[in-house]
Every structure is written in C-alpha cells, then in structure tokens.
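A short worksheet on the structure shown next.
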Amino acid sequence: MKIREIAMDDARFLLKSEYGPLSSEWPVVAFTNQSSETQIRRRYRNGRDFVVYLGTQDEKTFEASDRGRLLSICEIDTTRIFNTYDYITKDSRDWAEKKHPNQWLRSFRVIRGFDVPSRPAASELLPNTNRSMWHAAFREVAGSDRESLMDLDVNVIPDVDILSREDRKPDAADFLRPENRSIQQEALRLAQLVYNRVGLSGETITHRAPERSAPFDLQLQIFRLLMAKPLTCALCGGEMQIAPQNKLLKISGDRRNSSIGDYGPDNYQLVHFACNLAKNNASEAEFFDWLDVIRQADGFEEEHANVGA
C-alpha cells in the first residue's frame, strides 16, 4: 500500500534520525533527552500524524546500506511515556546497555508501524527536508517533499503495538497489596480531590462551576497511572515521586481538555502540581510555549546534532 492510503489528507510527517528500522525487537520511538521529547509532543497530533525513520549517516547505523535512507513510518501515542527497556528484546537491551548506556531510556508507544521496502535515499526523495536535518533531530516533511512521500510504498510491520503484548494492567488485587500502601494513599488523595470538585458541579461560587463527572472506579484508574514505571509528568515529561517534600513537585490530577468536566481515563492525567498551576485552563500548546520560555531562561538549548535517536 502507499502512504496516502493510510494517512489523512492533513497528516503531518516528522522525519527523525534513527540507527535502524522499526521492528518488533525495538517497538518504541526512543529519545536521548527530554527536549526532543517535548518538541515532538508539541508538533505531533495523536491519531493524525506519523514519524518517519531516516537512517543516519553515522557508522553506528546497523546496516551501512540503510544510511541516509528512509526505513520506516509509524503512528505513535504521545500521551504516555514508557520505559524503553521494558519493551525491547533482551538482545536489544544488552546492545543498548553496552554501546549506549542510559541513552534511550524513555519512549513513546508505537500504535502502527510500516516498513519502507524500497529504502529510497532521503537526499533524492525528500531533498529539502533532508538538508535541514543537519540542524535538528527531526523535521516536518512539507511541500513537494510531502507529495513525494505520499506515493511511497509501505508494508505493515506486525507485533509493534506494545500494549497488545503488555502484562495485564494493575487490578483491584494489586491495589490492596500491603506493599502498595503509599500508592493506595496517593490514589485516594487524588480521587478525593476529584470527588470534591464533582460535588461542586453546577454550584455558583464566584462563577458557575462546570458540570463534572468521575467514573466509579476512579481510584483504581489513578492507582494504575501511579504504578507507571517511570512515573512521569504528562505535561513537562519530568519524573514524579509519591509524596515528595517539595509541594510544587507533588502529584496533581489534570484534565487534558479543561473545558470538559469528565475525569475519565481519556481526559485525566497526572502532572506536577506546579505544572498544573501553570497550565490552569490553558491549552497544552499554550503550556508548551510557556515551558519553552522557562527552559530558555535557564540556559536550555535546543538539540542541534544529527543523532541516531
């Protein structure tokens, strides 16, 4: 099939440097640092966009014939951060720990993956985008390059959806285990905050509070989120701890879409208390704009090297 058969008309394609093609042995999109992670979350629209793998010119790229060529295309989920080592095979993990220790610990889930069997040279198929890759870890494919990409033939890669292979989610039995007492208490605290807000639903305070609703198993829903390894803020991507001393780093519940009063799994995420205060009722795009300003003020510099992940 051709890419235009699997993509929407307004789909964006983000070209990203990689050391090898997507496969069931490495079924995640991993990153070397948090800045790259944040950048792609700002640009990528879940359910619409794709990441395109470009083999680097680096000698570390597994196959010399893959260097500078288009290898794979995939659809990802940027709403959750995964621990890379939990989902790659043992051989891949051993290689990563030996050759590039602690380099690709964090990942996005791949929902669908496609192989590019013809392995075209990016310099020929996507000349404009390929040239700009020298200045960033990834670039959006646009203009005539995008039209060329849409006619590329691809094949489905089986077994790359890691959730279909994931161990069962924590259930009520896990919730009641004594060793999870601190996580139980944190889940209860967060759930109670939601129930209090739901109780105010529709009342007039200084303004009319929006209509809100919470699922009956909210506490278990939150418990499952708290059991994530690593446990990371859904807004800034930084790590979170259960009951930290710094109140700004406490875990807080956030509605992805603040205009919707639903606290169900599709609209509820865990974030730092400080990030929640900063976002308030702004959109995630507006929050990321603010986050960029803060990082630049702290001397944050955007990654400019053409790296393999």
Side-chain angles (χ1 to χ4, degrees), residues 14 16-41 44 46 51-56 58-63 66 71-113 115 137-138 157-171 174 177 179-180 182-183 223-242 244 251 269-272 303 305 307-309:
L14 301 181
K16 183 180 183 297
S17 299
E18 290 287 350
Y19 285 165
L22 177 70
S23 71
S24 59
E25 296 183 355
W26 194 295
V28 291
V29 175
F31 291 89
T32 55
N33 57 53
Q34 197 168 304
S35 66
S36 295
E37 204 176 274
T38 300
Q39 291 173 55
I40 201 167
R41 287 180 73 192
Y44 189 92
N46 289 291
V51 174
V52 181
Y53 281 22
L54 167 64
T56 71
D58 196 302
E59 63 180 12
K60 295 174 183 175
T61 292
F62 304 133
E63 299 290 341
D66 285 344
L71 308 177
S72 316
I73 178 172
C74 61
E75 185 178 357
I76 63 175
D77 174 12
T78 64
T79 64
R80 178 179 171 188
I81 304 299
F82 288 86
N83 183 341
T84 302
Y85 286 4
D86 286 346
Y87 296 101
I88 61 178
T89 62
K90 183 180 184 303
D91 287 345
S92 296
R93 184 168 60 250
D94 291 345
W95 173 85
E97 289 177 339
K98 180 179 180 180
K99 299 289 187 180
H100 309 280
N102 300 320
Q103 187 167 342
W104 300 306
L105 299 181
R106 298 155 63 86
S107 304
F108 290 132
R109 165 197 174 194
V110 170
I111 301 173
R112 291 191 297 165
D115 180 64
F138 61 87
I157 302 174
D159 300 325
V160 293
D161 182 350
I162 61 177
L163 291 189
S164 67
R165 305 181 337 209
E166 190 176 9
D167 292 338
R168 63 174 177 79
K169 295 180 180 179
D171 58 19
D174 297 305
R177 293 181 188 279
E179 62 267 28
N180 292 327
S182 62
I183 301 178
F223 174 75
R224 287 170 173 163
L225 294 176
L226 290 170
M227 290 288 284
K229 292 181 174 48
L231 178 58
T232 57
C233 174
L235 287 174
C236 75
E239 291 192 13
M240 297 193 295
Q241 297 178 350
I242 304 295
I251 299 173
Q269 59 190 2
L270 298 181
V271 301
H272 290 119
E303 181 181 10
V307 297

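Excluded from the calculations below are hydrogen atoms, water molecules and symmetry mates; all remaining heavy atoms, backbone and side chain alike, are included.
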Are any of the side-chain heavy atoms of Q269 and L235 separated by less than 4.5 Å? yes
Pick one: which of V110, V160, V28 meets side-chain contact (heavy atoms from CB on, under 4.5 Å) with Y87? V28
Counting only N and O atoms by type, is there a donor-acceptor contact under 3.5 Å from the side chain of H272 to the main-chain atoms of E239? yes
Heavy atoms from other residues, nucleotides or ligands near CD of E97 exceed 12 (cutoff 6.0 Å): yes
Whether T32 side chain and Q103 backbone form a donor-acceptor pair below 3.5 Å: no
Over 60° means perpendicular and under 30° means parallel, so classify the ring planes of H100 and Y19, tilted if in between. tilted
Closest non-hydrogen atoms of T232 and M240, given as atom of the first, atom of the second and distance, are O-CE, 3.4 Å
Do K229 and Y85 form a cation-pi contact, if we require the NZ or CZ to be under 6.0 Å from the six-membered ring centre and within 45 degrees of the ring's axis? no
With the side chain counted from C-beta on, respond yes when L54 and L71 share a heavy-atom pair under 4.5 Å apart, and no when they do not. no
Residues at least two apart in sequence or cross-chain that pass side-chain hydrogen bond (donor to acceptor under 3.5 Å, both in side chains) with K98, listed by chain then number, are none
I want to check something: taking the side chain as every heavy atom from C-beta on, are C74 and I76 in contact at a cut-off of under 4.5 Å? yes
For D91 and T89, run side-chain hydrogen bond (donor to acceptor under 3.5 Å, both in side chains): C-alpha distance rounded to whole Å, both residues' side-chain angles, the deciding distance at 0.1 Å, then the answer. CA-CA 5 Å; D91 287 345; T89 62; 5.6 Å; no
Identify the heavy atoms of L22 and I157 that sit nearest to each other, and give their distance. O-CD1, 3.6 Å
Do you know which two heavy atoms are closest between I183 and F223, and how far apart they sit? CG2-CD1, 3.5 Å
Whether the side chain of N46 engages the backbone of T78 through a donor-acceptor N/O pair (distance < 3.5 Å, no angle test) should be reported. yes
Drop me the distance from F31's CZ to E37's CD, to the nearest 0.5 angstrom. 7.0 Å
Should L226 and L270 count as side-chain neighbours, where that means a heavy-atom distance under 4.5 Å? yes
Suppose we screen for side chain to side chain contact (heavy atoms under 4.5 Å, CB included). Which residues come up paired with D86, at least two apart in sequence or across chains? N83
The test is side-chain hydrogen bond (donor to acceptor under 3.5 Å, both in side chains); show your working for S72 and D115 and say whether it passes. CA-CA 5 Å; S72 316; D115 180 64; 4.6 Å; no
Does V51 reach the side chain of I40, with side-chain heavy atoms less than 4.5 Å apart? yes
F82 and P230 have their tightest heavy-atom pair at C-CD, 4.1 Å
Would you say the side chain of R80 lies within less than 4.5 Å of the side chain of R109, judging by non-hydrogen atoms? no
Do you know which two heavy atoms are closest between F138 and K16, and how far apart they sit? CB-CA, 3.9 Å
Hey, are the side chains of W104 and I88 touching, using non-hydrogen atoms and a 4.5 Å cut-off? no
In short, P21 meets D66 closest at the heavy-atom pair CD-OD2, 4.0 Å
Test ring pair (Phe, Tyr, Trp, His ring centres under 6.0 Å) on F108 and Y44; report intermediate values, then the result. CA-CA 11 Å; F108 290 132; Y44 189 92; 8.0 Å; no
